[in-house]
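A short write-up of the structure that comes next.
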Amino acid sequence: MGSRGAATAGMSLTGSLTRAARSVAARADQVLAKEGLTLDQWLVLDALSGKGGLSMADLADRTLTTGPTLTRVVDKLVTTAQAYREVDVADRRRVLVHLSARGRTTHRRVASKVADVEARLGVPDEVLVVLRSLGG
């Protein structure tokens, strides 16, 4: 069946990717909820891991989270001492978000649990390469 036939059978790329994303997110949410984290909080922690600090614009780009939501997420991570804000010494108009020691510990602990969930999905590496290219 060609791409046109797949779309008429309810299997469009958009529909298929949306269903897959929601299914994976639901599975990750089960693990994250036990850790007291939301998916958006996890995406920020993961984006900050291994980085010296990211601006809110960089975080929004990496997590595809809207400005108001991202502000609430970072506020919560700061409140729970998972992250902290610091003025960028190179550009005092910018604020960078960093993982705290607690945030790094949380990330290490949760990353292995999220990786287990992802591994159980059995997604071939070739599919991951395609998905990463679609994600920009």
Side-chain angles (χ1 to χ4, degrees):
M1 194 183 291
S3 62
R4 185 181 282 300
T8 59
M11 294 184 179
S12 69
L13 175 62
T14 302
S16 296
L17 286 174
T18 300
R19 286 179 55 82
R22 289 179 180 169
S23 175
V24 172
R27 292 173 192 198
D29 276 338
Q30 291 175 348
V31 169
L32 296 170
K34 292 176 185 171
E35 298 291 335
L37 295 170
T38 65
L39 182 58
D40 285 331
Q41 290 168 342
W42 168 249
L43 292 174
V44 169
L45 287 176
D46 198 45
L48 291 171
S49 70
K51 306 285 184 260
L54 293 171
S55 70
M56 292 294 281
D58 290 337
L59 275 174
D61 185 52
R62 290 171 189 252
T63 63
L64 297 179
T65 305
T66 62
T69 298
L70 184 59
T71 297
R72 282 192 301 275
V73 167
V74 170
D75 285 349
K76 179 67 174 177
L77 292 173
V78 168
T79 299
T80 59
Q82 303 287 333
Y84 64 94
R85 293 181 177 100
E86 180 177 68
V87 174
D88 185 351
V89 294
D91 181 353
R92 304 214 35 93
R93 295 169 296 176
R94 283 182 6 143
V95 173
L96 300 178
V97 181
H98 299 265
L99 274 186
S100 66
R102 177 180 279 179
R104 283 190 298 278
T105 300
T106 298
H107 182 267
R108 278 192 301 273
R109 183 182 69 248
V110 176
S112 64
K113 295 176 182 182
V114 171
D116 288 344
V117 168
E118 292 173 352
R120 285 195 300 270
L121 295 171
V123 178
D125 289 341
E126 299 82 17
V127 172
L128 292 175
V129 168
V130 171
L131 290 174
R132 286 184 185 115
S133 72
L134 288 174

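By convention here, the first residue in the shown sequence is residue 1.
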How many angstroms lie between OG1 in Thr66 and CZ in Arg72, if you round to the nearest 0.5 Å? 7.0 Å
Given side chains that start at C-beta, do those of Leu77 and Gln41 come closer than 4.5 Å, heavy atoms only? yes
Separation between CG of Asp29 and CZ of Arg27, rounded to the nearest 0.5 Å: 12.5 Å
If only atom types and distance count, is the side chain of Thr65 paired as donor or acceptor with the main-chain N or O of Leu70 below 3.5 Å? no
The reported gap from CG in Leu43 to CZ in Arg62 (rounded to nearest 0.5 angstrom) is 13.0 Å
Separation of Glu35 CD from Leu32 CG (nearest 0.5 Å): 8.0 Å
What pairs meet the ring-ring contact (aromatic ring centres under 6.0 Å, His included) rule with one or both residues in residues 58-90, with sequence neighbours excluded? Tyr84-His98
Does Leu96 offer a backbone N or O that forms a donor-acceptor pair with the side chain of Ser55 under 3.5 Å? no
Going by heavy atoms in the side chains, are Leu37 and Thr106 under 4.5 Å from each other? yes
Show the nearest heavy-atom pair for residues Leu59 and Ala47, with the distance to one decimal. CD2-CB, 3.9 Å
In short, ring-ring contact (aromatic ring centres under 6.0 Å, His included) pairs touching residues 26-78 with sequence neighbours left out are Trp42-His107
Would you say the side chain of Leu17 lies within less than 4.5 Å of the side chain of Leu134, judging by non-hydrogen atoms? yes
Hey, any chance Leu45 and Leu39 share a hydrophobic cluster, counting ILVMFWY side chains that come within less than 4.5 Å of each other, even indirectly? yes
Hey, mind stepping through Asp125 and Arg132 against salt bridge (charged side-chain N to carboxylate O under 4.0 Å, His left out) and telling me if it holds? CA-CA 11 Å; Asp125 289 341; Arg132 286 184 185 115; over 6 Å; no
Tell me if a side-chain donor or acceptor on Ser133 pairs with a main-chain N or O of Val130 at a distance below 3.5 Å. yes
Going by an N to O cut-off under 4.0 Å, is there a salt bridge joining Asp75 and Arg85? yes
OG1 on Thr63 to CG on Asp58, rounded to 0.5 Å: 10.5 Å
Within a strict 4.5 Å, meaning less than it, do heavy atoms of the Leu121 and Val24 side chains meet? yes
Donor-acceptor contact present, side-chain Ser23 to main-chain Arg19, <3.5 Å: no
Heavy-atom check, side chain of Val97 versus side chain of Met56, under 4.5 Å: yes
When rounded to the nearest 0.5 angstrom, what is the spacing between CZ in Arg92 and CZ in Arg94? 13.0 Å
Ignoring hydrogens and angles, tell me if any N or O in the side chain of Ser49 forms a donor-acceptor pair with the backbone of Asp46 under 3.5 Å. yes
